[in-house]
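The next block holds one structure in the form of structure tokens; read it before the comments.
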Amino acid sequence: MNYARFLTAVSAARKPSPIRMLTELQQRSPPSLISLAGGAPNPNTFPFQSASIQVKNGQTITFDEVAMNRALQYSASSGIPELLTWMKNLQKNLHNPPTASYAPEKGQMEMCVTTGSQEGLCKVFEMLVNPGDNVLLDAPTYSGTLATPLGCNLINVSSDHHGMIPAALKEVLSRWDPSEVHKPGSTAPKILYTIPNGGNPTGASMTTQRKQEVYELARQYDMLIIEDDPYYYLQFDKPWAPTFLSMDVDGRIIRTDSFSKILSSGLRIGFVTGPKPLVDRVVLHIQASTMHTSTFTQLMVSQLLHGWGQEGFLQHIDRVIEFYSKQRDAMISSADKWLKGLSEWHAPSAGMFLWIKLKGIADTQQLIMKKALEKEVLLVPGGVFMINSSEPCPYVRAAFSLATPEQIDEVHTHTHTQEHTHFYTDFNLSQIFPQAF
Ligand SMILES: Cc1ncc(COP(=O)(O)O)c(CNc2cc3ccccc3n(O)c2=O)c1O
């Protein structure tokens, strides 16, 4: 793979920060080293003494004074070594990426820690996408992604409840000659973005067959695939679907993982996994922006994971899956009870979202942001997930992560008032989330 062709001019121009390199050299050196180099603050001036975090399984994460001094200090831009190593071993065990054994310049699997996968996505897009570039994705998609590659031309690839449709991708790509994609000035897309499991907002999960076909098309047109997979661990049924990373013989997959939906969203821990030449560029960007994800947070999570081991981590994931699959069941049961004939949906096999098409209505914006809100129900109007958010959209996204099954199925608590009947007539939706209408 020629990775240089994918880099923006800004990314290609990035140079390692000499100061950050010194800091990391110092941290790799024996304690006997006397450093007058780094402008790091002296932890003896910090007001924090120690920390003890109770884990629900009875484990305690403790930071004594030495650990606290490290937790409160600068650390490596790619992530603290013990967390990175733990995650690399997990990625190899779960996905067995072909690139794990490649030489660095051939796209060896590399990782870095990011402040949520949102930071990873943002930096990956800024590394790869120039204004005016054509970028492929299957809309509706995560609104945080639509807000990221500013100035590029987002081209939609049709999808359904099994994710991106390879035939639709083939049709979109047929505008370009695969033998000419490397020609100077070619407008052929170099990047394809997708959410392969429990998609946001559709709940869709790609089949293995479709992933293989999409990967082959990416090979044919020499594209990178951004595999944004924060709901990978929220697949309700096993075996979990093989990832793009697991089939990446070329080193063309950039994968973003997240701990937000399984450990904590507020700790802001995500990971970028991909070819070393590209991940190294993301790290250079981290050096020039946040410097690194919170050392304290990384150490806390690292201690948890080392205490659990992979087996303990996967046992925790099983508990998370059990919770969300029950939430999904409650959501579908309520939809069956209240929405039949009024709406259409597909029961998701992963994630935390139900994508509902309301019949007889062109656009849900007003209904959701006014009528439903007046009745103290908050959903997301589907338009925010479309490439052109001003286009009418008859869908709403319902997240079944926070509300209890009882709340989701709140029974109709009031008879139809005159205004209610009027509303009913207008939208014929009085049974959707009954307290809302
Ligand atoms: C497909 C996909 N990719 C990346 C991310 C970012 O996750 P991170 O690891 O936590 O940075 C997400 C997070 N999605 C959401 C986040 C959110 C945060 C506050 C309030 C609402 C939010 N809603 O609604 C969301 O969908 C996602 O769904």
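What's counted below: heavy atoms across the whole structure, side chains too, no hydrogens, waters or symmetry copies. First listed ligand is number 1; within each ligand, the first listed atom is number 1.
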For [atom], state whether the nearest protein heavy atom is under 4.0 Å away.
{"atom": "atom 5 (C) of ligand 1", "value": "yes"}
{"atom": "atom 22 (C) of ligand 1", "value": "no"}
{"atom": "atom 2 (C) of ligand 1", "value": "yes"}
{"atom": "atom 17 (C) of ligand 1", "value": "no"}

Within ligand 1, which atoms have a heavy atom of [X] less than 4.0 Å away?
{"X": "S258", "answer": "8 (P), 9 (O)"}
{"X": "F353", "answer": "26 (O)"}
{"X": "D228", "answer": "1 (C), 2 (C), 3 (N), 4 (C)"}
{"X": "G116", "answer": "9 (O), 11 (O)"}

Flag [X] as yes when one of its N or O atoms lies below 3.5 Å from any N or O atom of ligand 1, and as no otherwise.
{"X": "S117", "answer": "yes"}
{"X": "N200", "answer": "yes"}
{"X": "Y231", "answer": "yes"}

*Could you go through the side chain to side chain donor-acceptor pair (under 3.5 Å) check for Q118 and Y142 one step at a time?*
CA-CA 11 Å; Q118 185 70 44; Y142 169 47; 2.4 Å; yes
*Taking only Lys NZ, Arg NE, NH1 and NH2, and the carboxylate oxygens of Asp or Glu, determine whether D248 and R252 approach each other closer than 4.0 Å.*
no
*Are any of the side-chain nitrogens in E110 or K88 under 4.0 Å away from the carboxylate oxygens of its partner?*
yes
*Residue, atom name and distance, where the atom is the protein heavy atom closest to atom 10 (O) of ligand 1*: S260 OG, 2.6 Å
*What is the closest protein heavy atom to atom 14 (N) of ligand 1, and at what distance does it sit?*
Y142 CE1, 3.3 Å
*Report, as yes or no, whether the 6.0 Å neighbourhood of atom CZ on F313 holds more than 12 heavy atoms from other residues, nucleotides or ligands.*
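Counting other residues, nucleotides and ligands, CZ of F313 exceeds 12 neighbours.
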*Decide if atom CD of E311 counts as having more than 12 heavy atoms of other residues, nucleotides or ligands within a radius under 6.0 Å.*
no
Min heavy-atom dist [X] to ligand 1 below 4.0 Å:
{"X": "R397", "value": "yes"}
{"X": "F259", "value": "no"}
{"X": "P230", "value": "yes"}

*Measure from the ring center of Y231 to the ring center of F353 and say whether it is less than 6.0 Å.*
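Ring-ring flag for Y231/F353: true, centres closer than 6.0 Å.
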*Looking at F63 versus F296, is the centre-to-centre ring distance below 6.0 Å?*
yes
*Would D237 and S349 count as a side chain to side chain donor-acceptor pair (under 3.5 Å) if you check the C-alpha gap in whole Å, the side-chain angles of each, and the deciding distance to 0.1 Å?*
CA-CA 7 Å; D237 308 313; S349 59; 5.4 Å; no
*Determine the sole option in P140, P201, S143 for which the side-chain contact (heavy atoms from CB on, under 4.5 Å) test with R397 is passed.*
P201
_Considering M352, R268, K261, E119 one by one, which has a heavy atom nearer to atom 13 (C) of ligand 1 than any of the others?_
K261
*What do we get for L121 next to ligand 1 when only non-hydrogen atoms under 4.0 Å count, side chain, backbone, both or neither?*
side chain
*For ligand 1, the portion of F385 having any non-hydrogen atom under 4.0 Å away*: neither
*Q212 and E216: side chain donor to acceptor below 3.5 Å*: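 The criterion, which ignores hydrogens and geometry beyond distance, is not satisfied for E216 and Q212.
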*asked:* Looking only at the side chains, is there a donor atom on one of E82 and S302 sitting less than 3.5 Å from an acceptor on the other?
replied: no
*Calculate, to the nearest 0.5 Å, the distance between atoms NZ and OG1 belonging to K123 and T256 respectively.*
13.5 Å
